[in-house]
**Student:** 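Mind looking over this structure? Questions follow.
Throughout, numbering of the chain's residues begins at 1 and tracks the sequence. Heavy atoms only: backbone and side chains are in, while hydrogens, waters and symmetry mates are out.
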Amino acid sequence: MMTKENMTPKEIVAELDKYIIGQATAKKSVAVALRNRQRRLKLNEDMQKEITPKNLLMIGATGVGKTEIARRLATIVQAPFVKVEATKFTEVGYIGRDVESMVRDLVEASIQIVEKQQYSNVYTQAERNAIERIVKLLIPGIKKEKKQSTSANPFESMFKNMGIDPNQVNPQAEEEEEEVTETISTDREKMKQQIRNGLLDDRELTVQVESQKKPVNSPMGAGLEQMGIDLNETLGALRPKQKTKRTVTVKKAIELFIQEESSKLVNPEDIQSMAVDLAQNAGIIFIDEFDKITSKNENSGTVSREGVQRDILPIVEGSQVTTKYGPIQTDHILFIASGAFHVAKPSDLIPELQGRFPIRVELDDLTKEDFVKILTEPNNALLKQYIAMLETENVTITFTYESIERLAEIAYRVNHETDNIGARRLHTILEKLLEDLLFEAPDMQMGEITITESYVNEKIEHIVADKDLSRYIL
């Protein structure tokens with residue numbers, strides 16, 4: 001059985017082939033890099049420390065699949081993944097984002113993955129608890145008289161002065177003891193079954209849930225974030241959680257309560273520890289526009305560009321970065337850098353950084369045949385997407401092979417006559433081709449439409465023929 005832990009390089013490439021056309025060399029390189037990571041984990045601890053990832057440098061024009069290969073690779077093996085742009089970083093001492101933030105972003109992505117896994121482990125219990133809460137709201141018990149507390153809550157007046165309802169802060173405070181008769185118990189069991197069967201999904205009720213309002217980041221908080229400190233989270237821990245009332249359907253209430261109940265059933269400390277470990281050993285950081293930080297690029301100062309390279313160097317070499325979840329070692333994170341390298345060359349990077357990206361992969365420009373395959377073969381092929389969208393309006397469209405070839409020919413031609421933006425050219429051409437159909441579809445009766453070569457020529461040939469027009473529209 002194939003699992004993400006034991007996938008062979010051939011199996012990884014086969015998975016990538018489902019979404020990305022061509023670029024066999026790049027796929028092979030990333031598959032080997034990933035398999036080497038799995039091999040390392042099977043070695044003894046002393047040997048594991050010595051083996052570091054062989055980082056990749058992808059060279060190719062925009063739109064040929066560099067980002068998609070890295071993103072799909074991470075999805076296949078469920079690894080934490082972040083994409084950053086090298087041009088967004090500034091040298092230490094300048095105002096802007098520092099390079100360590102990419103590692104913190106990776107840990108955040110890892111937290112989400114681990115949290116999702118942990119929540120799925122307790123889903124059954126959380127769902128049971130959520131349904132129990134809803135049933136108690138819909139069929140309340142007989143409330144007993146609440147005993148008057150002899151001592152007032154010392155914090156109650158403070159909460160009121162802050163504009164906070166004490167009952168919202170501590171919902172248990174407003175919960176009164178209830179008596180459940182045999183009739184109520186029987187009715188509740190019946191309702192639980194109805195909820196599980198989906199019979200009450202559309203029924204509305206008012207519930208109290210934790211407020212999801214996010215605090216606004218302050219400039220001071222942004223500065224502390226660079227040091228791995230989240231000011232909003234720190235203050236939030238001091239400020240009690242508030243509840244807010246919402247009127248929702250039973251189906252939505254179950255979702256909200258499952259989220260709350262799941263968070264009660266898992267240990268946040270375990271999630272953070274597992275997430276840091278996952279990011280350290282399985283994380284993938286994709287650094288785009290790597291060619292823009294070479295000294296040959298004319299968009300920024302030489303000091304700033306080389307400074308960013310030197311700041312990136314220790315991260316890629318292996319260092320410890322402080323995050324709000326604890327320190328993380330970057331030694332075994334896989335870094336994939338990419339760039340067009342039209343003006344600059346990889347040799348224009350500082351020598352130390354060149355050595356940290358030993359695997360160089362040059363991606364091929366897309367041909368007309370590649371465009372035909374991109375339109376039809378992948379699981380997420382563009383034509384499949386448009387066909388599915390129009391089917392929601394009860395309009396069925398089919399494309400003749402000649403029309404697909406014509407679209408591919410136009411994309412290839414426009415790329416070579418204007419700017420080469422790779423497969424992204426197909427998005428603009430298809431949108432222009434189907435613009436009228438997408439506009440009229442809601443008012444059309446059920447029908448079938450065939451897109452022929454003549455239809456393609458009628459809609460966009462005149463734009464392609466006018467080079468000035470195609471430069472702005474396609």
**Student:** State whether the side chain of Ser120 and the backbone N or O of Gln117 hold a donor-acceptor pair below 3.5 Å, judged by distance alone.
**Tutor:** yes

**Student:** Does Ala61 offer a backbone N or O that forms a donor-acceptor pair with the side chain of Lys66 under 3.5 Å?
**Tutor:** yes

**Student:** Do any N or O atoms from the side chain of Ser110 and from the backbone of Leu106 form a donor-acceptor pair under 3.5 angstrom?
**Tutor:**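 It does not hold such a pair.
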
**Student:** Would you mind listing every salt bridge (charged side-chain N to carboxylate O under 4.0 Å, His left out) that reaches into residues 109-124, with sequence neighbours excluded?
**Tutor:**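 Qualifying pairs, neighbours excluded: none.
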
**Student:** Can you confirm whether Val266 sits close enough to Ile271 that some side-chain heavy atom of one is under 4.5 Å from a side-chain heavy atom of the other?
**Tutor:** yes

**Student:** Quick one: OG1 on Thr8 to CG on Leu34, what's the gap to the nearest 0.5 Å?
**Tutor:** 11.0 Å

**Student:** How long is the span from the CD1 atom in Ile69 to the CZ atom in Arg72, to the nearest 0.5 Å?
**Tutor:** 11.5 Å

**Student:** Hey, could you give me the CD1/CD distance between Ile113 and Gln78, rounded to the nearest 0.5 Å?
**Tutor:**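 Rounded to the nearest 0.5 Å, the CD1-CD separation comes out at 7.5 Å.
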
**Student:** So, do Asp291 and Val343 sit near enough that their side-chain heavy atoms are less than 4.5 Å apart?
**Tutor:**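 When only atoms from C-beta onward are counted, Val343 and Asp291 do not touch, as no gap falls below 4.5 Å.
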
**Student:** Where the side chain of His332 meets the backbone of Ala279, is there a donor-acceptor pair that is under 3.5 Å apart?
**Tutor:**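 Checked: no pair found.
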
**Student:** Looking only at heavy atoms, what is the nearest atom pair of Val276 and Pro327, with distance?
**Tutor:** CG1-O, 3.7 Å

**Student:** For residues 274-290, which residue pairs qualify under side chain to side chain donor-acceptor pair (under 3.5 Å), counting only residues two or more places apart or in two chains?
**Tutor:**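 Applying side chain to side chain donor-acceptor pair (under 3.5 Å) to every pair that reaches into residues 274-290, excluding sequence neighbours, yields Arg40-Asn281, Thr87-Glu289, Asp277-Asn281, Asp288-Ser338.
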
**Student:** Report the C-alpha separation of Val308 and Asp311 in whole Å, then their side-chain angles, then the decisive distance to 0.1 Å, and conclude whether the side-chain contact (heavy atoms from CB on, under 4.5 Å) test is met.
**Tutor:** CA-CA 5 Å; Val308 172; Asp311 289 345; 5.5 Å; no

**Student:** If you measure only the distance, is there a donor-acceptor pair under 3.5 Å linking the side chains of Arg425 and Thr418?
**Tutor:** yes

**Student:** Give me the ring orientation class for Phe371 and Tyr412: parallel if the planes are under 30° apart, tilted from 30 to 60°, perpendicular past 60°.
**Tutor:** perpendicular

**Student:** Grab the two heavy atoms, one from Ile59 and one from Pro346, that are nearest each other, plus how far apart they are.
**Tutor:**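 Distance-wise, the nearest heavy atoms are CD1-CG, 3.6 Å.
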
**Student:** Can you tell me how far CG of Leu383 sits from CG of Leu407, rounded to the nearest 0.5 angstrom?
**Tutor:** 7.0 Å

**Student:** Between Glu269 and Asn267, does any side-chain donor sit less than 3.5 Å from a side-chain acceptor?
**Tutor:** no

**Student:** Between Leu382 and His427, is a side-chain contact (heavy atoms from CB on, under 4.5 Å) present by the stated rule, with each step listed?
**Tutor:** CA-CA 8 Å; Leu382 280 174; His427 290 270; 3.4 Å; yes

**Student:** Please name the pair of heavy atoms, one in Ile76 and one in Ile12, separated by the smallest distance, quoted to 0.1 Å.
**Tutor:** CD1-O, 4.2 Å

**Student:** Do any pairs count as a salt bridge (charged side-chain N to carboxylate O under 4.0 Å, His left out) and have a residue in residues 18-31, sequence neighbours left out, and if so which ones?
**Tutor:**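 Residue pairs passing salt bridge (charged side-chain N to carboxylate O under 4.0 Å, His left out), neighbours aside: Glu15-Lys18, Asp17-Lys27.
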
**Student:** Could you go through Leu57 and Val361, starting from their C-alpha distance and side-chain angles, then the distance that decides it, and tell me whether this counts as side-chain contact (heavy atoms from CB on, under 4.5 Å)?
**Tutor:** CA-CA 6 Å; Leu57 178 61; Val361 184; over 6 Å; no

**Student:** Not counting sequence neighbours, which residues clear side chain to side chain donor-acceptor pair (under 3.5 Å) with Ser263? List them please.
**Tutor:**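 Applying side chain to side chain donor-acceptor pair (under 3.5 Å) to Ser263 gives none.
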
**Student:** Under a 4.0 Å threshold between the charged nitrogen and the carboxylate oxygen, would Arg413 count as salt-bridged to Glu409?
**Tutor:** no

**Student:** Taking C-beta and beyond as the side chain, do Gln208 and Arg246 meet within less than 4.5 Å on heavy atoms?
**Tutor:**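 Side chain of Gln208 against side chain of Arg246, heavy atoms only: no contact under 4.5 Å found.
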
**Student:** Quick one: does Gln354's side chain have a donor or acceptor within less than 3.5 Å of a partner on Ser347's backbone?
**Tutor:**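 It does hold such a pair.
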
**Student:** Under 3.5 Å, is there a donor on one side chain and an acceptor on the other for Tyr325 and Glu108?
**Tutor:** yes

**Student:** Any salt bridge (charged side-chain N to carboxylate O under 4.0 Å, His left out) pairs touching residues 354-370, not counting sequence neighbours?
**Tutor:** Glu317-Arg356

**Student:** Mind checking side chain to side chain donor-acceptor pair (under 3.5 Å) for Asp201 and listing every partner two or more places apart, or none if nothing turns up?
**Tutor:**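 Not a single residue meets the side chain to side chain donor-acceptor pair (under 3.5 Å) criterion with Asp201.
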
**Student:** So, using side chain to side chain donor-acceptor pair (under 3.5 Å) as the criterion, who are the partners of Asn420 when residues are at least two apart?
**Tutor:**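 For Asn420, the residues satisfying side chain to side chain donor-acceptor pair (under 3.5 Å) (neighbours in sequence not counted) are Asn415.
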
**Student:** Evaluate the side-chain proximity of Ile287 to Ile336: yes if any heavy-atom separation is below 4.5 Å, no if none is.
**Tutor:** no

**Student:** Show every side chain to side chain donor-acceptor pair (under 3.5 Å) that has at least one partner inside residues 395-404, sequence neighbours left out.
**Tutor:**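 Checked against side chain to side chain donor-acceptor pair (under 3.5 Å) - neighbours excluded - the pairs reaching residues 395-404 are Thr398-Thr450, Thr400-Ser403.
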
**Student:** Excluding sequence neighbours, so at least two apart, what forms ring pair (Phe, Tyr, Trp, His ring centres under 6.0 Å) with Phe357?
**Tutor:**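 Scan of Phe357 (ring pair (Phe, Tyr, Trp, His ring centres under 6.0 Å), adjacent residues dropped) gives Phe290.
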
**Student:** Does the salt bridge (charged side-chain N to carboxylate O under 4.0 Å, His left out) test come out yes or no for Glu260 and Lys264, once each step is laid out?
**Tutor:** CA-CA 7 Å; Glu260 285 189 10; Lys264 296 175 186 175; 5.1 Å; no

**Student:** Please, which pairs that meet side chain to side chain donor-acceptor pair (under 3.5 Å) have at least one residue in residues 380-393, sequence neighbours excluded?
**Tutor:**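 Listed once each, the pairs are Tyr386-Glu431.
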
**Student:** Which heavy atom in Lys345 sits nearest to a heavy atom in Thr294, and how many Å separate them?
**Tutor:**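 That would be O-CG2, 4.5 Å.
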
**Student:** Using a 4.5 Å cut-off on heavy atoms from C-beta on, say whether the side chain of Glu306 contacts that of Ile293.
**Tutor:**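 The answer is no, as the side chains (C-beta and beyond) never meet within the 4.5 Å cut-off.
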
**Student:** Nearest 0.5 angstrom please: Ile285 CD1 to Ile333 CD1, how far?
**Tutor:**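 Answer for the CD1-CD1 pair, Ile285 versus Ile333, is 4.5 Å.
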
**Student:** Which residues pass the salt bridge (Lys or Arg N to Asp or Glu O under 4.0 Å) test with Asp436, not counting sequence neighbours?
**Tutor:** Lys459

**Student:** Under a 4.5 Å cut-off applied to non-hydrogen side-chain atoms, are Phe257 and Glu127 in contact?
**Tutor:** no

**Student:** Roughly how far apart are Glu453 CD and Asn457 CG, rounded to 0.5 Å?
**Tutor:** 5.5 Å

**Student:** Provide the closest heavy-atom pair for Thr330 versus Pro314 in the form atom of the first, atom of the second, distance.
**Tutor:**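 Closest pair (atom of Thr330, atom of Pro314, distance): OG1-O, 4.2 Å.
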
**Student:** Just wondering, do Ile410 and Val456 contact through their side chains at under 4.5 Å, heavy atoms?
**Tutor:**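 Yes, at least one pair of side-chain atoms sits under 4.5 Å.
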
**Student:** Which residues satisfy the side chain to side chain donor-acceptor pair (under 3.5 Å) test with Glu435, sequence neighbours excluded?
**Tutor:** Lys432

**Student:** Could you report the tightest heavy-atom contact between Arg37 and Ala282, atom names first, then the distance?
**Tutor:**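 Nearest pair, atom of Arg37 first, then Ala282: NH1-O, 2.7 Å.
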
**Student:** For a 4.5 angstrom cut-off between non-hydrogen side-chain atoms, does Leu366 reach Ile21?
**Tutor:**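 Side-chain contact under 4.5 Å: no.
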
**Student:** Are any of the side-chain nitrogens in Lys373 or Glu377 under 4.0 Å away from the carboxylate oxygens of its partner?
**Tutor:**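 Salt bridge absent between Lys373 and Glu377.
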
**Student:** Given Phe335 and Ile284, is the side-chain contact (heavy atoms from CB on, under 4.5 Å) satisfied, shown in steps?
**Tutor:** CA-CA 6 Å; Phe335 290 87; Ile284 299 173; over 6 Å; no

